[in-house]
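Report on the structure given below.
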Amino acid sequence: MLAFIKQHGRMILYCVAAVLVLAIAFGISLDGKKGMILIAAQKAAEHMEAVDIRTERDVNAVMAAAARRRPKITYTGTNAVSGTAVNLKEMFSAADADGISVAVEITDVLDVSGKSVLYETKEQRKHKTGKYDPEGFVFSTAGIYTVHVKAVDREKKVSRMKFRLPVT
């Protein structure tokens, strides 16, 4: 028995102390309320005022931003000719819901077979390090190319569109 107490005595003391702490925490009664945690929570909440979040200005601002239209992207360029450099960014324009001009980004250019001619690998697409510059892009052959365009306004609303661009 002495060996058992020497080996497990500290654990028994910890268990007894834990049971006493739990009994104090959940067994104390004050004003008909039982449990120290419940009493502390109710005392902390006594002087709090209920806030009606529907009247807050921040909520109205968030609702207005969520209802905002996405930027509108339009094709403003002319026909492209194979073998000559064209600025793809100038061929597209975008405006936000207020009519303010927004920058456009050319995210990809696909040939007739659906293969990217702007990026050689997925890694290049991820890091946007293509083999061609969208501002001095040269279409190698005639055909219909699919250009992926993206625009983001000041409220972080994003528009993505695909345009079929004929190249002669």
Side-chain angles (χ1 to χ4, degrees), residues 25-26 30-82 84-168:
F26 294 107
L30 179 68
D31 296 333
K33 298 172 185 122
K34 195 166 188 165
M36 185 177 210
I37 295 172
L38 180 63
I39 293 169
Q42 287 176 344
K43 287 289 185 186
E46 268 179 5
H47 303 292
M48 292 181 145
E49 296 178 18
V51 178
D52 184 12
I53 62 167
R54 292 176 292 187
T55 61
E56 296 291 322
R57 280 185 276 162
D58 291 342
V59 172
N60 293 336
V62 169
M63 287 173 47
R68 184 178 175 86
R69 285 186 305 118
R70 296 173 187 252
K72 183 177 181 181
I73 303 171
T74 56
Y75 175 71
T76 58
T78 59
N79 288 343
V81 178
S82 62
T84 60
V86 293
N87 188 342
L88 290 176
K89 288 185 177 182
E90 286 182 355
M91 297 178 99
F92 302 95
S93 66
D96 66 2
D98 300 325
I100 299 171
S101 182
V102 177
V104 295
E105 177 185 350
I106 307 300
T107 57
D108 207 353
V109 178
L110 306 176
D111 61 9
V112 178
S113 65
K115 184 179 176 195
S116 175
V117 293
L118 194 60
Y119 303 108
E120 291 178 343
T121 64
K122 288 182 181 181
E123 192 68 26
Q124 284 181 344
R125 181 179 291 137
K126 181 179 176 183
H127 297 294
K128 297 180 183 168
T129 56
K131 60 182 176 179
Y132 298 109
D133 180 18
E135 294 179 10
F137 189 78
V138 178
F139 292 100
S140 59
T141 60
I144 297 179
Y145 290 81
T146 304
V147 181
H148 294 248
V149 183
K150 174 182 158 185
V152 181
D153 69 359
R154 71 177 194 276
E155 298 291 334
K156 305 297 184 221
K157 287 282 190 172
V158 178
S159 285
R160 289 183 172 86
M161 292 187 72
K162 298 176 189 177
F163 292 91
R164 293 178 51 87
L165 181 67
V167 176
T168 56

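Every heavy atom of this structure was used, including side-chain atoms; hydrogens, water molecules and symmetry mates were not.
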Measure from the side-chain N and O atoms of [X] to the backbone N and O of [Y], and report whether any donor-acceptor pair falls under 3.5 Å.
X: Arg70; Y: Val158; answer: yes
X: Asp153; Y: Glu155; answer: yes
X: Thr76; Y: Met91; answer: yes

Does this structure show an ion pair linking Asp96 with Lys157, if we count only N-O contacts that are shorter than 4.0 Å?
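No, Asp96 and Lys157 are not salt-bridged.
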In Å, rounded to the nearest 0.5 Å, how long is the span from [atom1] of [X] to [atom2] of [Y]?
X: Lys162; Y: Asp108; atom1: NZ; atom2: CG; answer: 10.0 Å
X: Arg68; Y: Lys156; atom1: CZ; atom2: NZ; answer: 11.5 Å
X: Phe163; Y: Ile73; atom1: CZ; atom2: CD1; answer: 6.0 Å

Give the intermediate values and the outcome of side-chain contact (heavy atoms from CB on, under 4.5 Å) for residues Phe139 and Val109.
CA-CA 10 Å; Phe139 292 100; Val109 178; 4.1 Å; yes
So, for [X] and [Y], which heavy atoms are closest and what is the spacing to 0.1 Å?
X: Val104; Y: Lys89; answer: CG2-O, 3.7 Å
X: Ala95; Y: Val102; answer: C-CG2, 4.2 Å
X: Val152; Y: Pro71; answer: C-CG, 4.4 Å
X: Val167; Y: Val81; answer: CG1-C, 4.0 Å

Measuring only between side-chain heavy atoms, which start at C-beta, is Phe92 closer than 4.5 Å to Val147?
yes
Can Ser82 and Thr141 be said to form a side chain to side chain donor-acceptor pair (under 3.5 Å), step by step?
CA-CA 5 Å; Ser82 62; Thr141 60; over 6 Å; no
Option passing side chain to side chain contact (heavy atoms under 4.5 Å, CB included) with Thr146 (candidates Leu165, Asp111, Leu110)
Leu110
